[in-house]
Every structure is written in C-alpha cells, then in structure tokens.
Amino acid sequence: MQELDIAGMGSTRVTRKGNNLVVLEKDLQTEQMVLAMGPQHPSTHGVLKLECLTDGEVVTHAEPYLGYLHRCFEKCCENVDYPAIVPYTDRLDYLAGMNSEFAYAITVEKLLDIEIPRRVEFIRVIVAELNRIASHLVAIGTYGIDLGAFTPFLFCFRDREIILSLLEWASGARMLYNYIWVGGLAYDVPADFNKRVMEFVTYFRPKTVELYKLLTENEIFVKRTRGIGIMPADVAINYGWSGPMLRGSGVKWDLRRNDPYSVYPELDFEVPVPDGKVSDIGDCLSRHLVRALEMEESLKIIEQCIDKMPSAEGFNARSAVPKRVRPKAGEVYGRAENPRGELGFYIQSDGKSTKPLRCKARSSCFVNLSAMKDLSKGQLIPDLVAIIGSIDIVLGEVDR
Amino acid sequence: MSEYFRNIKTGAVTIATGLGITLKHFFNAVHRKGDAGVDDVDYFRQVDGLVTLQYPREVIPTPKNGRYRLYNAIEDCIGCGQCERACPISCITIETIKVAQDDMALCGKTSDGQQKKFWVPVFDIDVAKCMTCGMCTTVCPTECLVHTPVSDFSEFDRSNMLYHFGNLTRLEAESKRNKLAEIQAKAQAEKERKAAEAAVAAAQAPTQEEPKSDGE
Amino acid sequence: MEEGQVISQSVQQSAAAYAIIKDKFGEAVSAFDANETMPFFEVLDLSAWPEIALFMRDNPKLQFNYMACLSGVDYQSEEKVGIVCNLESLGKLNHRIAVKVKCARTGGSIPSVAGVWHTANWHEREAYDMYGMLFSAHPDMRRILCPDDWEGYPLLKDYKVQESYHGIKVPY
Amino acid sequence: MGLLDAGIKNHNVLVTSVDNVLNWARLSSLWPMGFGLACCAIEMMATNASNYDLERFGIFPRSSPRQSDLMIVAGTVTMKMAERVIRLYEQMPEPRYVLSMGSCSNCGGPYWEHGYHVLKGVDRIIPVDVYVPGCPPRPESLIGGLMKVQELIRMEQIGISRADALKKLAEKSVDPQFVIESERNAASA
Amino acid sequence: MDTTLSNFGNVFAFLALGIVFVVGGYLTARMLRPQRPNPAKNSTYECGEEAVGSAWVKFNIRFYVVALIFIIFDVEVVFLFPWATVFKQLGVFALVDALVFAGILILGLAYAWVKGDLDWVRPTPNIPQMPKMPEMPSATSTSDRG
Amino acid sequence: MMNSLTYTVIFYLFAAVTVFSAAFVVFSRNVIYSAFSLLFTFFGVAALYVFLSADFIAVTQVVVYVGGILVLLLFGVMFTKGIMNTELKSDVLHIIPGTLILAGMLGALLYTFYTTHTWKPSETQLHGSLVERIGFETVSHYVLPFEMVSILLLAALIGAAFLARFDKPDNNNL
Amino acid sequence: MEHLVPIGLNHYLTISAFLLGFGLFAVMTRKNAIVVLMGVELILNAANINFLAFSKYNGGMGGVMFSLFVIVIAAAEAAIALAIVINIFKIFKSVDVSSIDTLKE
Amino acid sequence: MNLTSSHISMPLLMGNSLNAWSEALVGFNPMGLPLGLVILAAIPLVFIALYSLTYGVYGERKISAFMQDRLGPMEVGKWGILQTIADILKLLQKEDIVPTSADKFLFVIGPGVLFVGSFLAYAVLPFSSAFIGASLNVGLFFAIGITAIEVVGILAAGWGSNNKWSLYGAVRSVAQIVSYEIPAAIALLCGAMMAGTLDMQKITLLQSGSYGFAHFFLFQSPIAWLPFLIYFIASLAEVNRAPFDIPEAESELVAGYFTEYSGMKFAVIFLAEYGSMFMVSAIISIVFLGGWNSPLPDIGSFALNAWTNGPVWGVFWMIMKGFFFIFVQMWLRWTLPRLRVDQLMYLCWKVLTPFAFVSFVLTAIWVVFVP
Ligand code: SF4
Ligand code: SF4
Ligand code: SF4
C-alpha cells in the first residue's frame, strides 16, 4: 500500500490496492470519485485505461494504465529472423504500417551497411507518405468523434479507403503490408501506380480544404481545443515528445529534416509549426493543425518523388535484399519519423544468429502518452477527452 | 463587448459553412460512385457521391496480388519445406515422405517439369493463425503456395480453418511410409551387409549415400 | 573500433561530448566505444549515474535534453541486466550518445533518472517490468505492461511462461 | 421466464411464424458493442465507415454493452484484458452473440507462439459463434462473418438452444475442404 | 362551460395511455425476453473494469447554482404568460408594468453576470513542468557496480 | 348525463396518489425516495387544481414545483448526502410527540370540516379563461404585488447567488 | 358514503389537512434539513389547495392570485433555504438539524 | 352536503372542444364510460406520434447516411424501411438487466416517467383543425411545463443506475434542460404575445389566411426571427441534440444517463427522446410557422391555400413541418462538434437569455404600437 501524493486533493487520502485506486478518507468538502475511463471506452482509442479521480467534472488526477494490448513484440522479435520481424513491426503502429516497416528497415540496413537502389528509396518514401496521410486522416477523424463531430470522421475514412486500396494494389494487403523489406521491397509497384497516385493527389487536395472548413475552422471545435492541454516546448522535449506533438509545442523538429534518411534530403517540404495566431502554442489545436498541415506537405513530397523516381526498367525490388540477414555483432539505434513521432529501434546483434539478441521499439505514442498524467490535472472531463484525442495514440505501439 | 459580438459572428459564420458542406453532400447523395477498383483507369473519374459498396450484392474485386486465403496447388508442391521455415509464426505443418524410386512416375512432376521427390501427406495450414504476411509464398520455389484474393471465408467452427492440403490420404501415407521403411530397411540391411562385407574386405569403395527420410 | 576507418562527423561529436563527461567524472565512466552505428560509453559507478545524467542534461556544452530511448537489456553471459539510454541534444547542439548502465541480474537496482528526463519514468518502469531490475528513487515503481500479479520478467533470456493466469491457460 | 427461455417442444405454425418474426427482428438489428482492441478494430471501423457501411444491415455500434447484441472481438485479447472481456460479455443482455474477428482473437494469431501475454483464442474465455479469419480481415470478410451470425440467428428457434442451432448449421454447411477442392479444380482448369 | 375540465380529461387519457404503453411494453417484453441474471451480468458497467466505489457520491455543487438561477427566472416566466394573453387589450400601462417587472429581473441577471455567477468555474489546469530531481538517498545506490 | 362516476373515480385516484405519496415523503427513511415521491405529490396536487378549475395554477404547479423546486431538492440531496445508500437514511426525532400532534391536529381539522355547516359555499362561475383573468388581475388589482414579486425574486436571486458563491475556488475555505 | 360521492369542498379540505399534517410531522420530527424543507413544501401545497378550493366554491380571483403568490414564495424560499442548507453542510459537514447548534457560538 | 357538482353539466370528457372526429362518437356511450371513447379517439394520435417517433429514427439514419456519403439502412425491407420496426421488436426480446447495485425502484420508474412526460406534451399539439388531444387554454404553457416531468425521469434514471457515467449524464442533462428552459420559454412567450392566447389551436388559427406563409408569425413581424432562432437553439439543448448532446456524449460519457439500460427500458427511453424531438419541432412550427396551415398562398384564382387546407392536409403540413425541423436538427447534429459544459452555460445565460429578453421587449413594443 502506498499513499499517493496527489496535488490539489485537499485532505483526501488515496491509496492503491492492486491495480485500483481506493479512496481512504473522504474530505467532506470535495468528495472525489474514482472513475475508470477505459479500457472499453469510446474515446480512449482502443484499450487504454485512464483512472481518474474526479471532483464533479474536474479531473484532479488521471493516470494511464497500459498493457491491455501488450503483445510481446520484443519477445517475438527475439524469436524470429530479421526479415520476419517486418510483419510484426506493421502491427506496432497499425495505422501506419509502412512507416514502421520503413523505420525498421533502415535500422537493420544501418547495421548491415548496405546500399539500397534509388527507386526503392523513392517507392518507400511514396508509400510511407501515403500511409502518413492515411494515419493523419484517422487521427483527425477520430479527434472529430471525440469532440462530437461524426461526419468528418466518415469523410476521413472515405479518403483513407482510397489510400488503402492504392497500397493494397501495391503491396497486397490493406493495412499490414509487409512491403518494405530489409534491403528492398516485396515487389515493385504496379505499372500505373504513379499515375493513380498523382490522380489521388489532385483528388485529395480539395478534400483537405473541405475537411479544414468542416472541422478545423469550426468555432465550436476551436473553442473546444484552443488553450487546452498546453505543453511548453522545453517540457515537451524533456518528456521525449516527438513528431506532431513536439511540433505542436513550437519546436521545429522533424527527423526527415533533422536526422535525414532515405531520399528526404533531396525533397523540398516544410515542417509546419504553429505560429500562435490561430492557436495557442502547445495546445490541442496546435497539434491538430500540425497534422492537418502535414498532410499537405506529404502530398508535396509524393509529387516530387513521382517526378524524381527512376524508371522501372531493369529494376528488381529485391536486388539488394540479402539472402540471409546476419548482421555483424553490434548495436544500433535507428529511427524514422512516423506519423506519431519518432519510431526508433534499438537492435543488438550478436553476429552469430539470424535473430536479434534484443530488439526494442521506442514507440512515440508510449512516450507521448506519458505526459498525460501531467496534462490532465485540473481539466474537465471533456477537456480530458480532447487531450487524449490530440495525443493520437495507437495502443499497438504504446503497449507493443 | 465587440469581442462578444465577434464571437457570435464567427460562430455563426463557421457553423453556416459547415452546414453548407454537409448539405452539399446530402444533395449529392443522388449520385453513387461506380464500382471501378483502384487499378482501373476510371477510378478517379467516378462521380463524387455515395461511396458505399453494397458488399454481398456488389463486389469490387480485390487486387490480384491481394494476400488473403492461402492456397496450395499441391500437385506442384515439391515438399521442400521452405514455406514452413519461412513462416514467422509456424502455422504451416508439413510432413514429407521421400518418394521411392519406383513411385517417381506416380508422384509426378510439377507443372514446370520438375520431378517431385517427396510425398506431402501432411500439408496443414492453420489459417486461423496466419497473418497473411506472404513470407511463405515468396520463398516457395515452385510458386504453388499462393495467396488467393478470396477473403470472405468465416466459419462457425475454428477447426474448419485448419486446411489440409496433403496429397495423400492417411492410409496412402501409411503405405508409402511402410514402403519407404521397407526400402530403407532393405537399404540398411544392404548397408549392413556391405559394411560387413567391407569389414571382411577391408578395402572397398564406400556405397552411395543413404537416402534418409525424416519426419518433416 | 578498427584502425583506418573514417570516423563520421556525428561520432566525432559524440566523442567530444564524451570527453567532457570523462573530464568531470573520470573513473565513473568507461572508455568510449566509437562505433559507427551507436557510439556509447558505460557508467561504471552506478551511484554516479543520476549525477552524470543531470550533468549531461544541464551542462551548456552537452545539453542532452532529449532522451530518445531507454532499453533494458539482458546480458545473460555477464550475469547482468542493464539499460541503454540513447540521448540527444535536440535542437540545441544536435549530438547524440548512448549510455549503458548495468547491474546484477537478480535483485540488482539502478538509480532512477526519472527526475532528469520525464521520458525515463515510463521507460524505467518498462525495463523493470521486463527485466526485473529496480530503479531506486523512482517515483512510481510498478509494472507497466504486464499485470501486477504476473510472474517473472518476460524478456529475460531464461524466462519460462507461467501455466495459467487467473485460471486462464496461458500457453497455446 | 420469457418466451425465449421457454422450452417449447412442439412447434406449430404459430410458434414457427412468431419465431421467424422474432428472429428476423434480431438479425436485422444487430447492435455490436463498439469495442476495438487492436489493428482489427481499425478494419472494423473502416467497415462501419462510408465505404462499406454496416448500417445497411441495421448494424449500429453502441458504446454500452447493455444495449448491444453482438460482441465483435476485434483484435488481440491479452491476459490483462481477458477478464475485462469476460466482464463486458457478461454485461451484455441475452440473447447475445460473439464474433471473433481476426487471427488474434481466433487463436492468438501472430502471437500464439511467443506472445506470453496474449490470450490464445478468445474462445477460451467466452463462447464464440463465428470466427472470421484474416489479419486483419477485410471489411468484406467481416460482413461475411456478420451474415454468418445472421444465418445462425435465423436457425435459432424458441426452445432450440444455440448449440443445437450450430449443430444444424454444421449439418447444412459445406465442408471448407470441399470448397478448397473446387477452388483447386478451378485453378487447375 | 367547463371545457377546461373536459380537456384535461383528455390529458388524463393521454397520461393513462402513456402509462399503459410503458407498462404494456414492459409486460410484452417480459413475456418474450429471456431472463438469466448472474452476478457478473448485474454488476455495474464501468468500461469493463470492476466498478470502484459507488456512484452515489456527493456531486459537485456547480450544477446547483444553475438550478438556483433557473428557478427565479422560471417563476418570472410564469407571471409573464398570463400577462402576454391580455396585454394587447390593456395597452401601454400593462406594457410598462411588465417591462418594469422584467427589467428588475434583468437587473438580477446583470448582477449575476457581473458578479461572475454565470461563469462556469473552471479550475486552472496544470501546465507541465520540468522534472525535479528527488533527494538522492545515497544509501540506495547499491553496490553492484558494472 | 353527468358522468359523476368517472369524475369521482379519477378524483379519488388523484387524491389517493397525493395523500399516499405525501405520506411516503414523510415516512420514508430514504431521502432520495422522499424526494422522488414528492413528484407524485406535486403532480397529484396539480391534478386537484385541475379539478378546482384552476388550469393555469395546475400547470404552474408542475412548472415551478416539479421543474424547479423538486429538481433543486434532488440536487440538494445529491450534493449534501451521498456516498452510500445507507447514509441517505435520515434519523427521526421526537416521533411520539410528532405523531400525537399529527393525529390530534388531523382529528381536529377533520372534525371541524365535517361538522361545520356555516360554510355554505356557492359555486361561482368564472367567465373567460383563467389565464386571461389572471393576466388582467396582475396588471390591475394585483399590480403592486406583481411588482413586489419581481423585487422578491431579485432579492432571492441575489441572496441565493451570494450564498452559492462559496463554490468559487478562492472562497472555498469560507 | 354520501359524503364521498359528490366531490365537494370538504374533500379538498381533507386532502389539504392530510398534507398539512404530514408536512408538520416532517418539520417537527425529521432531522434531515432537506426533508424538513420538503415538509414545508407540503404545507405550502396544503395551503394552496385551500386557497383554490375556497376560491372555487366561494368565487373571486383572490384565492387564485394568492395561490400564485404562494408558489412564488415557495420557489424563492426553496432557493434560499437550499442555498443555506448547502452552506451549512459545507461548514458543519451535516444536514442534521439537531447537530447544528454551534450556530450559537 | 348538498354540494353536488351539478354545474358540470356535460359529460366529463366531452367538451365542446373535443374535435369533430370524436364528436361523432359522442352518442355512443356504452356503460357510461365515455372515457373509453376518448382513449379510442386518442389512439390514432398515439399512432401518429409513435409512428413519427420511430420513423424519426429511420429518417435520422438515412439523412445522416446521405450527409456522410453512405447509404444507410438498406437491407431490412426495401431501402431499410423496416429497420426501426426491427429495432423495436429486437429490443422487446432483449433481456432486461437491473444491476444489483442499482436502486431498483428508481431504475424501473425512470424511463416510464421520462416517457410519460414526453408523451403528455402530445396531448396539446394540434395536428389539424379537427385533430387535437386536448385543446387547453394554457396549451402552450402546458407544453413548456411538462418537460419538467422528463427532468425528474432523467434524474431518477441516472441516479437509480448507480453508475458514474449515468450520474454524470443525468446531472448534465438536467442542468442543461433546466437552464435552456428560460430562453425557450421567453422565446415562446414572444409568440404568445403576438397571438394573445396560450391555446395552441387558437394560435394556429390566428395564422391562417389566404396568403399562406405570409400569415405565419415568423413573417408577421420583423423581429419574430429572433425568438424563432432562440427557441430553435434552446429546444435543441432541451432535447439533448447536438451540438448540445453533452449528456449523452458518446466519447465522454459512454451513453449518458441510459448507460445501464437494456431491452425494453432502453426502447422506452429511446422513444421518449425521439418523441421530445418531434415535440419541440411541432411546437416551433405551431408557434412560428402556422402549425397545420398550408404555407401556400392563393395566387390569383389559384386558391392554392384553400385547396391545401383541411383536416387531412393539416395533418400533412403539421408532420411535414415537424419533419423539416427534425431534418434541421439532424443536419446540425451531423455537422457540428459538441460544446463543452461551460460553453453550454455561457451560450444559455450570456447569449440566449439576454437576446431572449431583447426579443421580449421588442415584441412587446411591436405588438402594442404596431397594430
Ligand atoms: S502468410 Fe505468413 S503467417 Fe501465413 S502461412 Fe504464410 S508465412 Fe505463415
Ligand atoms: S515452399 Fe512451396 S514447394 Fe516448398 S513445401 Fe512449401 S509449398 Fe511446397
Ligand atoms: S489478427 Fe492481425 S490485424 Fe487483427 S489484431 Fe491480430 S495482428 Fe492485428
């Protein structure tokens, strides 16, 4: 039994019994209620559990409980070969499988020190950016639902469906692709793929505007998110935030720019950060805006990649794929910019086996979510929902 | 005070914009999107309207390379076991029996003319476990193990999802196994005899390697 | 590292950062391992680790304000478990370094750095959950992913999964 | 004790037609519990969304188990979650159905071997009516699975237990091996 | 004459019908539905968790203030409705009367507004801070040195 | 012609609802039940007003008592007591004197009612609808009370708002 | 029995007497301040019934208007009284009327 | 006691305002129980009500689907029109769970009180010149006031469930309904002032005329749109519709005060909710948009208005107008995010109530000075 020091709770004493908070002594002035939000709750995006102490509508303490989706990724990794880990990485951040595969592939390639054909790199960037758009669409759509707007969600899913069909056409699966392999790709993209992607880009641009008008600009939406859940930049860095979350706090930090990999250095794109005009820096609205603007940047990247991509002639997507992945002994920490932030892999190889000795996934959601406890103190329940939504967690990655 | 009225105004204006958008969609509902798949040239030329696909009535074919149900054209399977080794989650179980020399013809060739050297009495795929990653199909040398784009195959009973592709019935397998064992026993006996002979005649060339059959 | 190999710029930066730390803490830290993929050093004096961490964060020449990752590792052959921290000076000096800390395999404990980087809080809990090392002075040392009453530390190399949990069979 | 509980033995025309109406109502208004666990849940959401639109069948997710008829176990059930799943299942009013969606909830899926913390099949804790394979199952497969649930409901009768109905269905159903056989023949043809 | 009464008789009929509908619905359902309660089924729903504590706690007072202000204006409206039916015939005097009446209450509203009683009190949310290093108990640093 | 049976039955129905629910309010040990059964009392009383041809007052009764006072009371119960059902029970003081007074008073009153014949009420007919009459009265005979009501309400509003202001965090320690 | 069938003034008076009695009983015996308030409301309702009954059976608008004012007063009283009760609760942690004697201090 | 109520010279439940339809049945008075007749007379009304309620649900699902590029119910009956019937029939068969820790009594009566409250309001809605349950002198006031009963039902349901989400939902809901009742009532007061009566039937009659819509109160005075808008917004809040659906906010409170309800009790709550939805739509169309009057004006010799008026047309117009507002409610619902509770109170007390007072003063002046 451990007594918790929970600020702002007056003389209410709380203890933890097993996995639950128990109110020991009630302060009669404000009686706190222990409220379990999740694991089955519409706004916890899966199976997160938030244990809240509430005083009326005010949340005085909210603690995330994880592990309801702990799927033993790291244990599985230690038991399968390097290439066979790829499908498991898909299942980390299942909304952005391509990006996870990408991060894993470049990490192992770093360890293996191999050269990748240029066309592969471009295809990887295209599919990863497409998947980033798809993932942001889900983030934005579900954020709409969290705040009570249902229609934007369906519009987002409608457009996401197109991306999924494009990716399925390329890779054979809709969500969990196993497409980016260590050293290459599973297959080359279909012949008409580039054309169809360009068509998608032209199709999608007006849709983002519509979405922006329907949701982001809506006064109610702005009022619900502006100034809520403010995270100062230095604390955000200290929390290890990355990706749109960190950029939402005004730090211009994007691994595609700041620790470039693949062909990103050759591409021209902006790293959107809030300017404090429409939103307060570091609040939920900023994070939402960053995501909304990033979709536009991804479209730009896709266009450039399709322009610059070498032709398919004489191209073999698996030409650099090693027959047997057995890296030399050593350790590596590789990372890539996922839609949710920095996805890193720490891999330790003993140089003998084809299985990693240790493969740890540093997941952005896990890290981003860890600030939840701090952010939620003193918020109203609706604001709590707005904050969780703006963190945009994917439990598969949080719990691994 | 002006703040107060400005708030009311922005609220009204943005709400009206939103309402306009949804109303546009509402009136657009007279159109329905066509059923071209994304691999179709016309995909992005379809009208903007209701996008719903009425699945059991209308179907957009899944792409050719779609990875859904696994299917093994067992006639082409040479029993090499690569797929089994490649599967990260071991949902394929293979048992092979070495084909006896005189059965070679019976066992047949793959469609590209390769002689099959193994009977595959057990080729079980547990599609309930399979994560459709495609590792097995990419390693298959004869491309007999493929993912079909058929995805809709739910079951009331999970045991129905264990697919048996083996090309021998249990009885046949039994007899083949016995036959092989016989041959092996004979070969063994031969070997022993030879070994004995060798022991007798100290300098003699070693016999051919023993064909060994293993369980899998 | 091998002779003659070109040391990339980032490794040089890390080496420079290491030099500052070495200056300050001397024997408490090991020699620098300047490999290409993940240059690191090890903290030999466990109790100095939070101090080193604080120094690394706050020293104006180091400013490792960002902890990218903290992974637990099982060094079975050495009879040790440890952590590997990937640190970075985000947006400031842009150099990176990895730090290793090891402790005894059973009943070992490592001082917590959750007071230096918030990130470490949950990561240390995860390392505890997976490897069983304690982090002293950690504000909230509980299991994080596995249930509280889970037996054993799953990522240890010699982990045996329990037969049943709350009456539900665990293995397949 | 309601009609649905009663063990009516003799089925006359009236009972059968009442049966048919009641079953029709149940199968036409299957409200699943909005309950997403993992990746499969995203596909479930995609199925609910515009492109496949489960609402066509009257399937309309509710967030409280009290108002739902169907539990779609969409994703990996872990040991930590298992008890919650049981509780949520129990909190659903009868008649209730369970659809296991995806390899993970069928039998642990990709994690069946090394996933120490993954429940190897949700049928270990709650009775499952229909299994939908896939990882994740396509929306089409989920719809197919839901049609299977409807088929099951159609089979149920007053005084006939779920198990009996399943047995009947099993008699009716085609051996998947047979289907595969024909698929094979088609492929070779 | 007493149309009031007869009309309220119809209202009563509606009341009776409403009750009949509800009770009838419950009874029909009772005839049809299965009833297999068990402790787990009858436990309180709390997102899949075991419910901790009861919901019957003293609720936050904020909603109460709303009801307080409401009741005052409610009574005001009660007075204005009869007035509304006749003021046309009574002319300016009645108008001024009611405006004074309403004016005084608007004063009350203004008072409450100025005093901030109409604001929904929101607590100041916590803004995350940099971590603080705990006091280092040197004893805890164990002797296992790497 | 006159359907006195229906009339009487319905009257007794509402009378019973009123009296029994009022009794329940008083004798129930559970404050929450008391409060909810007050709904039936108020509703029954409103029905009695209808029988007394006071339709407007009846609706006012529903609006103010049920919509306002009852909600206030319910909130009051929820905000003050709580925690467990058992704590909703309220103790009773002075039962015996209370009962005695109740019985005595009731007896006396009823005796008076049923023996007094000096009340020879004559039914009077009201012309026009009651609402309009009330409307006229408020701005003619009762104009002063009418305005006083607004002052009273203003005072109540200010008073209640003042009292309720302890809610503010800075006043929390009162 | 003949008293019962044609509904007259006495019926209303009887009902109001019951309400008054119950109300008084609550006010006198119950410790919970909120129940006491409920009792007060019952008494006010009893008064109202009488007003309206006499108004109906004696004519005139006085009773009706008075009952209206009674309702106003009831509302104001309930608002203030409950605000006070809640304040008392805040201070004394109880709505038990008998335990609030510290008021003297 | 000589006080026979002989003045009640008419059968109790047979006033002259009983509509023409039931007057035909007056002579038929078996066993001295005309009450039965009235119930008979009310049955069609009940059916209209219930039918509109249930089809409100269907409409909502279809409309939302079309706004979201979906098809909506399709498979249950042609175009899914049997969907709602299937839903209700299904709910009838569902087990009815009463949680152990709930307060049984309150849990059971909660939905009933809620339903009766919302249903009673239908008694005073005129569906056509000859079709009204009870033509009360105080009809409008009654319609406003009866919501109070719903409030108690909601509190009973929320408190009785002993579920935290339910309690939050109930308290939020009550606070919301109660506060929005003020602007709503003042806005309707403006309508009553223009009409000079509270009788719904009379209000409607006052808006009839050969110019069709021009007689509607909304177009009768230049300020009528203000109370109209205020009432519309406030009524959204009163029936917990988006953007004021915070009591049932799915993403926050699971299902609000009916989280624990299953089976028939849930169906009853569901019906009550949709019932109130139609009710407020009907009230707004009666007070501001002429109720059962045809909006079509006579154009020259085309007596469009005269042709499209009459008892049956009345029902048609009434239901059309009601559905129009339901459509607008859904349109808003499927467009807007949800407000937060403090914003909700801000909107009520600081925007709608002051504007309601403004419209009250303006209307009063308009009515007195502009004949
Ligand atoms: S698709 Fe993947 S999981 Fe399935 S059998 Fe093949 S290798 Fe195994
Ligand atoms: S890899 Fe292909 S040929 Fe080899 S055993 Fe598997 S299916 Fe047969
Ligand atoms: S079956 Fe596959 S897609 Fe579904 S939850 Fe499991 S891993 Fe994810």
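A note on names: the letters A, B, ... follow the listed sequences, proteins ahead of strands, and every chain is numbered from 1. The structure displayed is predicted, hence computed values, not measured ones.
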Measure Asn51(D) against the heavy atoms of chain B and call it side chain, backbone, both or neither at under 4.5 Å.
both
Trace of the side chain to side chain contact (heavy atoms under 4.5 Å, CB included) decision for Val130(D) with Glu155(B):
CA-CA 6 Å; Val130(D) 173; Glu155(B) 293 290 348; over 6 Å; no
Measure the spacing between OG1 of Thr47(D) and OH of Tyr55(B) and express it to the nearest 0.5 Å.
11.5 Å
If we ignore hydrogens and angles and just use 3.5 Å, is the side chain of Thr52(B) paired with the main-chain N or O of Ser50(D) as donor and acceptor?
yes
Mind running side chain to side chain contact (heavy atoms under 4.5 Å, CB included) on Ser90(B) and Trp112(D) for me, showing each step along the way?
CA-CA 9 Å; Ser90(B) 14; Trp112(D) 74 272; 4.1 Å; yes
Nearest atoms (heavy-atom pairs only) where Ser141(D) meets Ser154(B)
O-OG, 4.3 Å
How close do Ser103(D) and Val127(B) get, heavy atom to heavy atom, and via which atoms?
OG-O, 4.3 Å
Counting only non-hydrogen atoms closer than 4.5 Å, does Met101(D) touch chain B with its backbone (N, CA, C, O), its side chain (CB onward), both, or neither?
neither
Contacting moiety of Tyr68(B), where chain D heavy atoms sit under 4.5 Å:
side chain
Tyr52(D) side chain near Leu53(B) side chain, heavy-atom distance below 4.5 Å:
yes
Asp126(B) CG to Asn106(D) CG distance, which is reported to the nearest 0.5 Å
9.0 Å
Assess whether a salt bridge exists between Asp152(B) and Arg138(D), defined as any Lys/Arg side-chain N lying under 4.0 Å from an Asp/Glu carboxylate O.
no
Is Glu113(D) close to chain B through its backbone or its side chain, or both, or neither, when contacts mean heavy atoms under 4.5 Å?
side chain
Tell me the closest heavy-atom pair linking Glu151(D) and Phe156(B), and the distance in Å.
OE2-CE1, 4.2 Å
Side chain, backbone, both or neither of Pro137(D) within contact of chain B (heavy atoms, under 4.5 Å)
neither
Could you tell me which non-hydrogen atom of Arg158(B) sits nearest to which non-hydrogen atom of Asp123(D), and how far apart they are?
NH1-OD2, 3.1 Å
I need the minimum non-hydrogen distance between Gln54(B) and Arg56(D), along with the two atoms involved.
CA-NH1, 3.1 Å
Option in Cys135(D), Pro133(D), Gly144(D) with maximal non-hydrogen atom pairs under 4.5 Å from chain B:
Pro133(D)
